[in-house]
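Below you'll find the structure, written out as structure tokens, and then a few comments.
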Amino acid sequence: MKPERPPTAFELKVYEATRRIPRGKVSTYRLIGKSIKCDSSQAVGQALRRNPFAPQVPCHRVIASSLTIGGFFGERKGTEIKRKLKLLGVEGVRFVDGKLADPDCLHRF
DNA sequence: CACCTGACATAAT
DNA sequence: AATTATGCCAGGT
């Protein structure tokens, strides 16, 4: 049995910020990091990576800077990425070549 | 486009 | 408790 990974205050902030993202929009690790008063994006991605809140926290709505998808939690073979891209497309966020097609979809905190 | 550095948190040693 | 290594990064050279 694997030990539970209790979310920390920092992670909770990341989850809250991520949850703030309305449907059909996306955000970047950097923006979230700034929103929670942290200049680090890795810490943000780190929190999302654990994602104890699963689909409740739309980590797929969070992309890297430069409007790139960046990676994904456990991107085993890149197949999961496609799934998220599709979900985003369904929500109204179009991605082209793994990059955000409409910067207008960027959510501002 | 490739490489290295910077900033922050978690897990492991 | 401290240090080391790593991680859905970012940014500059």
Side-chain angles (χ1 to χ4, degrees):
Chain A
M1 207 51 184
K2 284 158 291 187
E4 290 261 308
R5 283 133 205 192
T8 62
F10 186 82
E11 288 190 4
L12 292 176
K13 282 182 168 179
V14 178
Y15 305 142
E16 284 181 72
T18 306
R19 255 213 279 162
R20 283 189 202 173
I21 305 176
R23 177 180 163 278
K25 287 214 169 151
V26 290
S27 184
T28 70
Y29 300 103
R30 204 22 125 64
L31 294 212
I32 294 178
K34 300 268 188 164
S35 300
I36 65 179
K37 223 56 174 104
C38 272
D39 215 27
S40 40
S41 3
Q42 279 222 287
V44 176
Q46 208 47 287
L48 290 178
R49 171 232 226 181
R50 322 228 38 182
N51 202 353
F53 290 89
Q56 187 179 333
V57 178
C59 29
H60 58 265
R61 279 186 201 154
V62 185
I63 62 178
S65 64
S66 293
L67 313 178
T68 39
I69 280 290
F72 212 59
F73 69 97
E75 194 197 346
R76 305 179 192 205
K77 290 162 187 87
T79 48
E80 305 256 347
I81 292 285
K82 282 183 78 176
R83 188 194 307 188
K84 270 64 193 195
L85 250 26
K86 195 171 184 177
L87 287 174
L88 288 170
V90 171
E91 295 199 348
V93 185
R94 288 157 280 203
F95 272 86
V96 176
D97 190 48
K99 304 206 169 51
L100 187 65
D102 291 307
D104 184 67
C105 297
L106 259 188
H107 169 63
R108 311 178 199 195
F109 290 95

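In the text below, chain A, chain B and the rest are named by the order of the sequence lines, each starting its count at 1. Quick caveat, the model's predicted, so the values are computed rather than measured.
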Close side-chain approach of A:Lys34 to A:Asp39, heavy-atom, < 4.5 Å | yes

Residue pair A:Asp102 / A:Arg94, side-chain heavy-atom distance below 4.5 Å = yes

Name the closest nucleotide to the A:Thr8 side chain, picking from C:dC9, B:dA9, B:dT10.
-> B:dT10

For the pair made of CG in A:Asp97 and P in B:dC1, what is the distance, rounded to whole Å?
-> 10 Å

Out of B:dA11, C:dC9, B:dA9, whichever nucleotide has its closest atom nearest the side chain of A:Tyr29 | C:dC9

Is A:Lys84 atom NZ crowded by more than 12 heavy atoms from other residues, nucleotides or ligands, each under 6.0 Å away?
-> yes

Atom-pair distance (CG on A:Leu31; P on C:dC9), nearest Å | 15 Å

Heavy atoms, side chains only, cut-off 4.5 Å: are A:Phe53 and A:Thr18 in contact?
-> no

Consider the side chain of A:Ala64, meaning its heavy atoms from C-beta on, and name the nucleotide among C:dG7, C:dC9, B:dT10 that approaches it most closely.
-> C:dC9

Euclidean distance, atom CD of residue A:Gln42 to atom P of C:dA10 [Å, nearest integer] = 9 Å

Are A:Lys25 and A:Val93 side-chain neighbours, meaning at least one heavy-atom pair lies under 4.5 Å?
-> no

Is the distance from OP1 or OP2 of C:dG7 to the nearest side-chain N or O of A:Arg50 less than 4.0 Å?
-> no

Considering only side-chain heavy atoms of A:Gln46, which listed nucleotide, C:dA10, B:dC8, C:dG7, is closest?
-> C:dG7

Are the side chains of A:Val44 and A:Cys38 in touch, meaning some heavy atoms are under 4.5 Å apart?
-> no

Starting at atom CZ of A:Phe10, determine the distance to atom C1' of B:dA7, rounded to an integer number of angstrom.
-> 10 Å

Can you pull every protein N or O that's under 3.5 Å from an N or O on nucleotides 11-13 of chain C?
none

